[in-house]
There are 2 protein chains.
Amino acid sequence: MVTRDDVARHAGVSVAVVSYVVNNKNNVKEETRQKVLRAIEELGYNPNMAARSLKTRKTNQIGVLFNNLGNSFETGISLGLEQRARQYDQSLIFQTYIRSEEHKLKSIFSGRTDGIILMGQSLKPETIEHFAKFGVPLYSVLKPVQDHAYVRSIDIDWYDAMLKLVEHLKSLGHHKIGFMANAMHDHYHHVRFLHFRQAMEASGLEFEEHSLLQAGGYLESAYDRMSNRIKANPKLPFTAIVCAGDLMAIGVLSACKDCGLSVPGDLSVAGCENILMTSHTTPTLTTIHYPRKEIGYMAVDTIMGQIHNGDEPTDSTFGFELMIRQSTVKPTG
Amino acid sequence: MVTRDDVARHAGVSVAVVSYVVNNKNNVKEETRQKVLRAIEELGYNPNMAARSLKTRKTNQIGVLFNNLGNSFETGISLGLEQRARQYDQSLIFQTYIRSEEHKLKSIFSGRTDGIILMGQSLKPETIEHFAKFGVPLYSVLKPVQDHAYVRSIDIDWYDAMLKLVEHLKSLGHHKIGFMANAMHDHYHHVRFLHFRQAMEASGLEFEEHSLLQAGGYLESAYDRMSNRIKANPKLPFTAIVCAGDLMAIGVLSACKDCGLSVPGDLSVAGCENILMTSHTTPTLTTIHYPRKEIGYMAVDTIMGQIHNGDEPTDSTFGFELMIRQSTVKPTG
DNA sequence: TTGTACGCGTTATCAA
DNA sequence: TTGATAACGCGTACAA
C-alpha cells in the first residue's frame with residue numbers, strides 16, 4: 001500500500017502538503033501542487049478511506065437494510081438510492097435484515113456508516129435507541145408497521161391508494177373483495193392490508209375473514225397458496241382480489257391460469273407497487289404505482305440533510321397513481 | 001461514541017484487556033472478562049470498524065460491482081453473494097459500474113475493501129493493475145469479454161449451453177435462427193452471442209447478419225426493438241430467436257403479443273439465465289439455467305480463499321441446464 | 001507557503 | 001494474567 005508518507009518523500013515535501021493537495025486546499029503553490037500530483041500519479045496513491053474515516057468521523061457510507069435482495073420492488077428502490085448516493089459520493093453498504101440477527105447490525109454498522117436507510121423494517125426499540133444514542137440517523141422508505149419517534153419515513157399514502165383501488169373495483173361492480181396478505185405481520189406489506197381494511201369500511205363494503213389469504217411475500221408462495229385455495233374449492237367467496245405486492249399478484253395470475261380460472265373473466269386481480277413486469281403479464285396487471293426511484297432519491301436527500309446539516313427529518317408522503325390495466329373488469333354474472 | 005478507553009475506565013482495567021475480551025483471546029481471567037463484558041453492555045460499546053481496519057488491514061468488506069441493480073439476474077446472483085458473505089461475517093459494498101467513472105473505483109474501494117467481485121465487466125487494464133499492485137483480489141462471476149490474467153472467473157460453459165439450445169431448436173425443425181444481442185459489446189451478454197455463433201456453425205446452420213437484432217440489455221428496449229422490427233416487416237427471416245438475456249426474451253414475448261405475432265406458433269423464443277419470471281410468462285420461456293445462487297456462493301468462497309489463504313484462483317465452470325418450456329415448438333409450415 | 005506534531009480507536013508487542 | 005505503548009494512515013492546528 002502506498003501511503004501519504006511515501007508520496008511526501010517521493011515529492012520532497014511534507015505530509016501536510018500532500019494532504020492539502022489531496023483535499024484541494026487552496027494554500028499550496030501551484031508548482032508544489034504539480035510536484036505532489038505527479039508523485040501521486042507515479043506511485044498510484046489513493047487515500048485510505050478507513051484512516052480518513054477515523055479522523056474525520058465521516059465514513060461516506062450509507063447502510064441499506066433490505067428484506068430481500070431478490071425482490072425487484074426493493075431493488076428498484078435501491079436503484080434510486082444508488083443513483084442519488086453516487087451524486088453525493090456516498091457508497092452503499094447492503095445488509096439483508098434477519099430479525100434473529102438484528103443485534104449484529106450494531107457492530108456491523110458502527111464506525112462504517114454515517115446513516116442507515118431502512119425498507120420498512122420495524123427494528124427493536126433497543127436497536128433503534130442504540131443508533132439514536134450515537135447519532136446515526138435512521139430513515140425508512142416505506143412506513144414501518146411499528147412506529148418509533150426516531151425513525152421517520154417516506155412513503156405513499158396507502159390509505160388513499162387503497163381507497164382509490166377499492167372504489168375502482170366497487171364501481172366495476174365488485175362487492176366481495178379478497179386480499180392476499182403477507183403472513184409476516186411486521187413486514188411492510190402489513191401496512192397495506194391495514195389500510196385496505198379501512199378503505200373497505202370507508203367504501204361501505206364488508207371484508208370477510210375467509211376472503212383473506214396469507215402467503216409469504218413472494219411469487220412462488222403466492223402461487224402455491226392460490227393454487228391450493230382454488231383446488232380446495234373452485235368457488236371463491238370473492239370476485240376480485242387485491243394482493244399486498246405485485247409479485248404475489250403475478251403468482252396469483254399464474255395460479256389462476258394453471259388452475260383454469262380466467263383472469264379477469266372469473267376473477268379480477270390487482271397488485272401493489274407497479275414493478276416493471278406488471279405491464280408485461282397476461283393480462284396486464286392493475287396496480288398501485290409506487291414511485292421507487294423518486295422515493296429513493298428523496299430518502300438519500302433526507303438522510304444527507306440529517307447527516308450534514310442536522311436537519312430534523314419528518315414523515316413525508318409521495319404521490320401514487322392507480323394503474324388500471326387489463327386484470328380488473330366488471331364481474332360476470 | 002463509546003470507545004475502548006471508556007470501557008477500560010468503566011471496568012477498571014487497561015485498554016489491552018478490553019481488546020482481548022472483545023477479540024476472544026483466551027488469556028483473560030474469567031472474572032475480569034465478566035467485568036469487561038458488563039462494562040461493554042452497560043455502555044453500549046461496539047468496536048469501531050474503521051479503526052480496526054486501519055490496524056488489522058482487513059476491512060471485512062467485499063466490493064460488488066453491478067451493471068444494473070434493476071436486473072433481477074444480477075440481484076439473483078448477489079442474493080447468493082450476500083448469503084455466503086454473511087457466513088464469513090463480511091459486508092458487501094455495492095457499486096454500479098459506469099465506464100466513464102471507472103477511475104473512481106480505485107479511491108472508492110481503497111482501504112475499505114478486501115476484495116472485489118465483478119459481474120463480467122471488462123475493466124481497463126490500468127484499473128486492474130492498480131488493484132493487482134496492492135493485492136486486492138478481483139474475481140468475476142460471468143466471464144468478461146476481455147480476458148486479463150489477474151481476473152479469473154466462474155461461469156457456465158456458454159458454448160456448450162448454446163450448442164444444446166441450438167441443437168434443440170434444430171431438432172424441432174428450425175434452420176433460420178435469429179439472435180437478440182446487447183448492443184454494448186463489452187457487456188457480459190456479448191460472450192453469449194459469440195458462443196451462439198460458434199454453436200450455429202458447429203451445428204451446420206448459417207447465421208445471417210440480418211437476423212441479428214441489437215437492443216439495450218433490458219426489457220423495454222427489447223420490446224421496442226422487436227416491435228419496430230415486426231412493424232417494419234412482419235415477415236421475419238427466422239422462425240426462432242434466441243435472446244442474450246431473459247429480460248430481453250420477455251420483452252420479445254410482449255412485443256409479439258402486442259403486434260399480433262403468436263409465440264410459439266409464429267415464432268419460437270428462447271432466453272438465457274432462467275430468472276424466476278420465465279416460468280410464469282405466457283407462454284413459459286425456454287431458457288438456459290444459470291445457477292445464480294450457487295455461483296454466488298462459489299465466488300465468495302473463492303475470493304475468501306484468496307484473501308485469507310492466498311489461494312491462486314482459477315477459471316472455473318459450473319453446470320447449466322437447458323430448460324425447455326412452452327415458447328419453443330416446431331415451426332409451422 | 002510549508003513543516004511538525006498530535007489524536008482519531010484500534011491491535012499487537014513486550015514487559016511486568 | 002495484565003498494563004504501557006507503539007504503530008496503522010490520515011487531517012489539521014499551530015509554528016515556522
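Hydrogens, waters and symmetry mates are skipped; everything else that's a heavy atom, side chains included, is used. No experiment lies behind these values; they were computed from the predicted model shown. Just so it is clear: chains get the letters A, B, ... in the order the sequence lines come, proteins before strands, and each one is counted from 1.
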Quiz item: Contact class for A:Val13 (heavy atom, under 4.0 Å): base, sugar-phosphate, or nothing?
Solution: sugar-phosphate
Quiz item: What is the nucleic acid contact for B:Asn27, judged by heavy atoms within less than 4.0 Å: base, sugar-phosphate only, or nothing?
Solution: base
Quiz item: Side chain of B:Arg52, base of C:dG9: donor and acceptor closer than 3.5 Å?
Solution: no
Quiz prompt | Side chains of A:Tyr150 and A:Glu129 in contact at under 4.5 Å (non-hydrogen atoms) | solution = no
Practice problem: For B:Lys58, report the nucleic acid contact type (base, sugar-phosphate, nothing); a contact means any heavy atom under 4.0 Å. | Solution: nothing
Exercise. Give one of base, sugar-phosphate or nothing for B:Ser53, where a contact means two heavy atoms less than 4.0 Å apart.
Key: nothing
Practice problem: Could you check whether A:Lys55 gets within reach of a base, just the sugar-phosphate, or nothing at all, counting any heavy atom under 4.0 Å? | Solution: base
Self-check item: Nucleotide C:dT10, atom C1' - distance to CD1 of B:Ile40 in whole Å
Solution: 13 Å
Practice problem: Check the surroundings of atom CD in B:Glu126: do more than 12 heavy atoms from other residues, nucleotides or ligands lie under 6.0 Å from it? | Solution: no
Quiz item: Checking all strands, does B:Asp6 fall into the base, sugar-phosphate, or nothing category for heavy-atom contacts under 4.0 angstrom?
Solution: nothing
Exercise. Ignoring hydrogens and angles, tell me if any N or O in the side chain of A:Gln306 forms a donor-acceptor pair with the backbone of A:Glu312 under 3.5 Å.
Key: no
Quiz item: What does B:Ser19 touch in the nucleic acid at a heavy-atom separation under 4.0 angstrom: a base, only the sugar-phosphate, or nothing?
Solution: base
Exercise. Report which part of the nucleic acid A:Asn23 touches: base, sugar-phosphate, or nothing (heavy-atom distance under 4.0 Å, all strands).
Key: sugar-phosphate
Quiz item: Within the modelled atom types, does a donor on one side and an acceptor on the other bring the side chain of A:Tyr20 and the base of C:dG3 under 3.5 Å apart?
Solution: yes
Quiz item: Under the criterion ring-ring contact (aromatic ring centres under 6.0 Å, His included), which of B:His190, B:His185, B:His189 is the partner of B:His187?
Solution: B:His189
